[in-house]
Protein chains: 2
Amino acid sequence: MQVLLKKYMEKNRSDCPISCSLEVFGDKWSLLIIRDIMLRGKVSYSEFLESEEKIATNILANRLSVLEAEQILKKQVSPHNKSKYCYSLTPKGVDLLPIVIEIMDWGAKYHVQCPRRELGKRIKKEKAAVISEYLDKLHRDARHASKQ
Amino acid sequence: MQVLLKKYMEKNRSDCPISCSLEVFGDKWSLLIIRDIMLRGKVSYSEFLESEEKIATNILANRLSVLEAEQILKKQVSPHNKSKYCYSLTPKGVDLLPIVIEIMDWGAKYHVQCPRRELGKRIKKEKAAVISEYLDKLHRDARHASKQ
DNA sequence: TCTTAGTGCTTGCAAAATGCAAGCAAATAT
DNA sequence: ATATTTGCTTGCATTTTGCAAGCACTAAGA
């Protein structure tokens, strides 16, 4: 077993739900991978590598394995290309959407260098509607992926 | 200047609001300090050290200085005890509440070992009301702190 | 006034995580 | 048969974290 995976076998720091959550995705990369799948339609290792934040290959491989072990992501062989894998969100992963949306909203409000794009503007005006639309879509995707 | 503060002078990885936010509080400790102030009424260095997650003293000092530099926290000398400091949330810090609440809600749903306590149960039933009540209270606290 | 305790740190060092470049193996494409 | 795509692993240097100890300032007690 990878050394980097060891910590996920160990006892939690506390039984606080915030602390337990941060032990899973409290780092600078995990939620960016989730963002790429959730909001940008990315599904593969090579697509995640292309993001402008430039994650290192070993870190990406590690985060994908952790998120899969935590049952936030599911890894499946691509139907028509055996050398390709598709990563998709499980229902547990889909439920991270409100967190991602709130982080985006806060970031857009307080980082002047982050222009609000279409989604950001819609969130500012009608956050609840955006979340429920995305939840519907993502849950449909998750059901579809679980059939394969 | 502290070496650990250097990164906050450097350019962001990207202009994505999610990425920029994670560069500020995307780690395993920052949001726990925010939680302690926001939901547990803690205000001092020694109170933060007492939390069950047992943050190291140097990490706590560093996170407090980063959060202060980011204008998420404000540090003030205690009115009646010159050897004591009070850390409080700025309006920018108060606006992290929805993120903290969503993380708590997700954690309570998916970590069986995290019992939903009073606040967790109220969030499950009436998230919007809980958020707006806390926002009111925290904004009042922030205004009060800014007068001193 | 000397001592003790409380508060908020800093420092040094070991361990762990991260970042970077290179390499590699299986599956396709040419 | 050869080259390319895809998804990694490995080795090594750098950075961050964790732990224990120490320290400066304030306040309180003997």
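In what follows, every chain begins at residue 1, and chains take the letters A, B, ... in the order their sequences are listed.
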Between [options], which nucleotide gets closest to the side-chain atoms of [X]?
| X | options | answer |
| --- | --- | --- |
| B/Y45 | D/dC19, C/dT10, D/dT9 | C/dT10 |
| A/A61 | D/dT9, C/dG19, C/dG12 | D/dT9 |
| B/T57 | D/dT17, D/dA20, C/dA27 | D/dA20 |
| B/K82 | C/dT11, D/dA27, D/dG7 | D/dA27 |
| B/Y85 | D/dT6, C/dC9, D/dG11 | C/dC9 |

Round to the nearest Å and state the distance from [X] atom [atom1] to [N] atom [atom2].
| X | N | atom1 | atom2 | value |
| --- | --- | --- | --- | --- |
| B/I59 | C/dC9 | CD1 | C1' | 13 Å |
| A/K84 | D/dT6 | NZ | P | 6 Å |
| B/L22 | C/dT18 | CG | P | 13 Å |
| B/R63 | C/dG8 | CZ | C1' | 17 Å |
| A/E47 | D/dG7 | CD | P | 8 Å |
| B/I33 | C/dC9 | CD1 | C1' | 14 Å |
| A/N62 | C/dG19 | CG | C1' | 13 Å |
| B/D27 | D/dT15 | CG | C1' | 14 Å |

Is it the case that D/dT5 (base atoms only) and A/S46 (side chain only) share a donor and an acceptor within less than 3.5 Å, ignoring hydrogens and angles?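 Donor-acceptor pair under 3.5 Å: no.
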Can you find a donor-acceptor N/O pair under 3.5 angstrom joining the side chain of B/S44 to the base of C/dT7?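 Check fails, no donor-acceptor contact within cut-off.
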Does OP1 or OP2 of [N] have a side-chain N or O of [X] closer than 4.0 Å?
| X | N | value |
| --- | --- | --- |
| A/K75 | D/dC8 | yes |
| B/W29 | D/dG18 | yes |
| A/N81 | C/dT28 | yes |
| B/Y87 | C/dT7 | no |

Hydrophobic cluster membership, with links at side-chain heavy-atom distances under 4.5 Å among I/L/V/M/F/W/Y: are A/I99 and A/I131 in one?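 As far as the 4.5 Å side-chain criterion goes, A/I131 and A/I99 are connected within one cluster.
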In one Ile/Leu/Val/Met/Phe/Trp/Tyr side-chain cluster, 4.5 Å: B/L138, B/L135: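 Shared cluster, yes.
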Answer with base, sugar-phosphate or nothing: what part of the nucleic acid does B/K54 contact at a heavy-atom distance below 4.0 Å?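 Result for B/K54 = nothing.
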Students often get this wrong, so: under 4.0 angstrom with heavy atoms, is B/F48 touching a base, only sugar-phosphate, or nothing?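 If one applies the 4.0 Å heavy-atom cut-off, B/F48 turns out to touch nothing in the nucleic acid.
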In this structure, are over 12 heavy atoms from other groups packed under 6.0 Å from B/E52 atom CD?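 Result for CD/B/E52: enclosed.
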Let me know, please, whether A/I55 or A/H80 comes out on the 5' side of the other along DNA chain C by nearest nucleotide.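 Result of the comparison: A/I55.
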A/S14 and A/E23: which non-hydrogen atoms are nearest, and at how many Å?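 Scanning both residues completely, I find the closest heavy atoms to be N-OE2, 4.4 Å.
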Within the structure provided, determine whether B/W29 and A/L22 are in side-chain contact (heavy-atom separation under 4.5 Å).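 B/W29 vs A/L22: side chains apart.
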Please verify the inter-ring angle class for B/F25 with A/W106; under 30° counts as parallel, over 60° as perpendicular, anything in between as tilted.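 Geometry flag for A/W106 against B/F25: perpendicular rings.
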